[in-house]
Amino acid sequence: MQQELLFKVLVIGDLGVGKTSIIKRYVHQIFSQHYRATIGVDFALKVLQWDNDTVIRLQLWDIAGALMVFDVTRASTFDAVLKWKDDLDSKVTLNHGKPVPTVLLANKSDQLTSQQPKLDSFCRENGFVGWFETSAKENTNIEEAASCLVEHILNNE
Ligand code: GTP
Ligand code: MG
């Protein structure tokens, strides 16, 4: 028999870094250059056939894990990442008191003019479970980042 799991994932980061675009790319396979700021929350549901035995519903808003996004073309949005992380950790912990697993997304990587510095040690030091260079525009690494998060959520269960 198949098990069905529901995970709530928070997508956070500074204004305009591409949160809505990442959700739309991941869930609806679309991208728009047109920017409309999100007021309140965007709600979206993604259904994953994870393996033969498991269907996962990812409800992209509340919490079980978090995708934290910054814009590689704007350093200030990376500087804000640690503030978002502190804010998240101070407000949300899992049942067993552990922090919420969080994956860092270096978004708009299609616009990178020089190499993005590696963030492995940054992630280790600051409690992120991993990081990915993503592009909602070119559909780069969105699935990989979300799957990485799901793996960590499953490990925490
Ligand atoms: P708020 O809701 O205001 O916090 O913004 P947001 O984080 O939801 O950003 P949104 O997805 O609305 O994207 C902001 C702008 O960046 C839009 O013009 C998008 O088209 C653009 N954008 C988002 N992701 C990418 C990307 O991967 N590459 C490029 N080149 N542009 C992107
Ligand atoms: Mg938005």
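Whatever order the structure lists ligands and atoms in, that order sets their numbers, starting from 1. Bear in mind the structure is a predicted one, so any value in this text is a computation, not a measurement.
Considering backbone and side-chain N/O atoms, T134 never comes within less than 3.5 Å of an N/O atom of ligand 1. Taking distance alone, with nitrogen or oxygen atoms compared against 3.5 Å, S109 stays at or beyond that limit from ligand 1. At under 3.5 Å, a nitrogen or oxygen of S32, whether backbone or side chain, sits near a nitrogen or oxygen of ligand 1.
Evaluated by nearest non-hydrogen atom to atom 21 (C) of ligand 1, the leading choice among E133, K108, H34 is K108. Taking each of G13, G18, G16 in turn, the one with a heavy atom nearest to atom 5 (O) of ligand 1 proves to be G16.
Contacts of E125 classified as salt bridge (charged side-chain N to carboxylate O under 4.0 Å, His left out), with partners at least two apart in sequence or in another chain: none. Judged as a salt bridge (charged side-chain N to carboxylate O under 4.0 Å, His left out), and not counting sequence neighbours, the contacts of K85 are D89.
Atoms of ligand 1 lying under 4.0 Å from at least one heavy atom of Q33, given by number and element, are 17 (C), 18 (O), 20 (O). Using a 4.0 Å cut-off to heavy atoms of A136, the atoms of ligand 1 that qualify are 24 (N), 26 (C), 27 (O). For ligand 1, the atoms sitting less than 4.0 Å from at least one non-hydrogen atom of L15 are 3 (O), 4 (O), numbered in the order shown with element in parentheses.
Residue T20 counts as close to the Mg ion (ligand 2), with an N, O or S atom under 2.8 Å.
Scanning all heavy atoms of the two residues, the minimum distance from N107 to A136 falls at OD1-N, 3.4 Å. The two residues V100 and A66 make their nearest non-hydrogen contact at CG1-N, 3.8 Å.
Heavy atoms from both the backbone and the side chain of K19 come within less than 4.0 Å of ligand 1. Under 4.0 angstrom from ligand 1, the non-hydrogen atoms of N107 all belong to its side chain.
With values rounded to the nearest 0.5 angstrom, E143 atom CD is found 5.5 Å from Y26 atom OH.
Panel note: side chain Q2, backbone E4; no donor-acceptor pair is recorded below 3.5 Å. Not one N or O on the side chain of K137 forms a donor-acceptor pair closer than 3.5 Å with the backbone of S32.
The environment of CD in Q115 is sparse: at most 12 heavy-atom neighbours from other residues, nucleotides or ligands sit within 6.0 Å.
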